[in-house]
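Contents: one structure, followed by commentary.
Computed from heavy atoms alone, side chains included, the values below leave out hydrogens, waters and symmetry copies. In what follows, chains are A, B, ... by sequence order, proteins preceding strands, each numbered from 1.
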Amino acid sequence: MESLDEIFERYLSRSRIFKNREKLLPDYVPRELPHRDEQIIKLAKILAPALAGSRPSNVFIYGLTGTGKTAVTKYVLRRLSEKGQDKVLFAYVNCRQNNTSYRVMAELARSLGARVPFTGLATSEVFKRFVRALEKRGRIMVAVLDEIDHLVKRSGDDVLYFLTRINEQLSRSRLSLIGITNDLKFTEFLDARVKSSLGEEELVFPPYTARELEDILRQRAEEAFHEGVLAPEVIPTCAAIAAKQNGDCRLALDLLLKAADIAEREGASRVEAEHVRQAQREIEKNVTVDVIRSMPLHVKLVLVAIYLLEREGAKNLTTGLIYNKYLEITRMLGMDPVTQRRVSDIINELDMAGIVNARVVSLGRYGRTKIIKISASLKSIEEGLQEDLFMLGVTELVTR
DNA sequence: AATCCACAGGAAGTGCTGGGCG
DNA sequence: CGCCCAGCACTTCCTGTGGATT
């Protein structure tokens with residue numbers, strides 16, 4: 001066991017591995033974005049008219065996670081605002097975090113300095129405040145709606161309808177929209193008018209190949225690490241793992257960061273390929289554990305039911321089977337159960353979160369149901385559930 | 001070809017929290 | 001103060017359905 005002194009000392013005496021750790025964090029936008037020249041130029045051409053005072057076309061950006069959509073957008077906007085001084089207004093809203101009409105509008109209005117409480121107002125009131133604030137500024141505004149599919153799936157396209165037509169209500173100002181999504185089929189859910197308006201221009205981001213990921217990592221590594229601290233296989237390993245995950249650059253960078261963190265924690269002088277593999281396991285586990293921890297109680301109880309059934313060796317878990325087990329658990333705890341309808345939704349939520357795998361099948365005479373399988377590791381499920389079960393005094397359910 | 005199971009999953013509504021606004 | 005708002009977890013009521021079995 002190392003002493004506290006030793007732990008703090010390592011940070012005081014500056015890292016042996018990191019030169020600048022921040023350059024690997026997900027929200028850092030580097031000075032150059034390798035292999036995205038085409039997209040950068042196209043986006044810049046679309047947005048450039050803003051500098052001349054005319055409204056740029058709306059843009060729709062597609063691409064899987066970690067293909068550089070957000071980075072390219074932020075990069076181009078940053079360069080544009082450097083050139084345009086305060087001619088152009090910008091707003092960036094992440095619709096995964098702000099996944100309701102109200103919250104998106106509140107973010108946009110706030111970016112213009114309007115005062116909007118985080119709850120309490122009618123959405124139409126927030127619309128009004130946004131319009132008023134924008135009109136007062138008398139500028140062109142470019143609003144980025146990142147992960148816009150989350151918004152539409154939850155709250156419909158009313159906000160988008162409003163935003164795409166907002167220019168009719170403005171005389172001194174203009175609004176352009178950039179919609180970013182990683183769901184390629186998502187436009188199907190859109191109102192035709194919204195779809196055509198938002199899709200005035202389209203931009204596609206293909207996944208990075210392993211080679212391209214290596215280039216990116218090398219460039220970042222140069223900024224982030226001291227020379228010679230990476231074993232030669234480290235970058236190719238990160239790139240290869242991430243390339244398998246749809247060429248997800250965010251994952252590649254995260255792997256590199258975590259691997260280096262692990263190496264540093266160990267007091268190693270170099271990052272080795274083994275650290276990358278450890279990092280991979282840690283990332284996978286952390287994601288599920290965090291997701292489970294933050295879930296409402298009954299979602300956890302349903303997960304306990306699934307977990308127990310799976311451990312009992314039950315095959316072909318169906319909704320009904322799980323519901324019965326869940327009822328048993330709530331009875332044991334003396335709690336009121338939720339309805340089967342709700343449990344059906346909970347199973348879908350668990351599926352969306354990647355913790356279980358649920359698919360609807362028809363068993364003919366034996367009805368139509370969902371077949372559920374656990375897809376996360378049992379260990380991380382145990383870890384995610386532990387605290388709550390401890391509070392309920394039933395830890396023994398999950399630990400043997 | 002008709003039947004019928006075991007649910008899926010849509011629509012609308014409730015009760016609660018945490019906040020407006022005048 | 002009273003009334004209104006959004007969001008969330010959840011309920012109630014409901015119609016729909018793929019395909020093995022009759």
Any N/O pairs under 3.5 Å between the protein and nucleotides 1-3 of chain B? List them or say none.
from, atom 1, to, atom 2, distance (Å)
dT3(B), O2, Arg365(A), NH2, 3.1

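Listed nucleotides: dC7(B), dG7(C), dG9(B). Nearest to the side chain of Gln340(A): dC7(B). Listed candidates were dC8(C), dC5(C), dG20(B). Nearest to the side chain of Pro117(A) is dG20(B). Looking at the side chain of Phe118(A), the nearest of the listed nucleotides dC13(C), dG19(B), dA8(B) is dG19(B). The Thr100(A) side chain lies nearest to dG7(C) when the options are dG20(B), dG7(C), dC7(B). Nearest to the side chain of Arg103(A), among dT17(C), dG7(C), dC10(C), sits dG7(C).
Spacing between atom CZ of Arg129(A) and atom C1' of dC21(B) amounts to 9 Å, rounded to whole angstrom units. Here dC7(B) presents its C1' atom at 15 Å from CG of Asn316(A), a figure rounded to the nearest Å.
Remark: Arg31(A) fails to qualify as a cation-pi partner of Tyr75(A) under the 6.0 Å distance and 45° angle criteria applied to the six-membered ring.
A close approach under 4.0 Å does occur between a side-chain nitrogen or oxygen of Ser344(A) and OP1 or OP2 of dA8(B). Dashed line: the shortest gap from a side-chain N or O of Arg359(A) to OP1 or OP2 of dA8(B) is not under 4.0 Å.
Glu266(A) and His275(A) are linked by a side-chain donor-acceptor pair at a separation below 3.5 angstrom, with hydrogens and angles left out of the test. A donor atom on one side chain and an acceptor atom on the other are found under 3.5 Å apart for Asp146(A) and Tyr92(A).
Nearest approach of Pro207(A) to Glu212(A), heavy atoms of both residues: O-OE1, 4.2 Å.
To the nearest 0.5 Å, the span separating OG1 on Thr339(A) from CG on Asp345(A) amounts to 8.5 Å.
Using a 4.0 Å cut-off between charged side-chain N and carboxylate O, Glu284(A) and Arg281(A) make no salt bridge.
Of the two residues near DNA chain B, Ile372(A) and Leu363(A), the one whose nearest nucleotide lies more 5' is Leu363(A).
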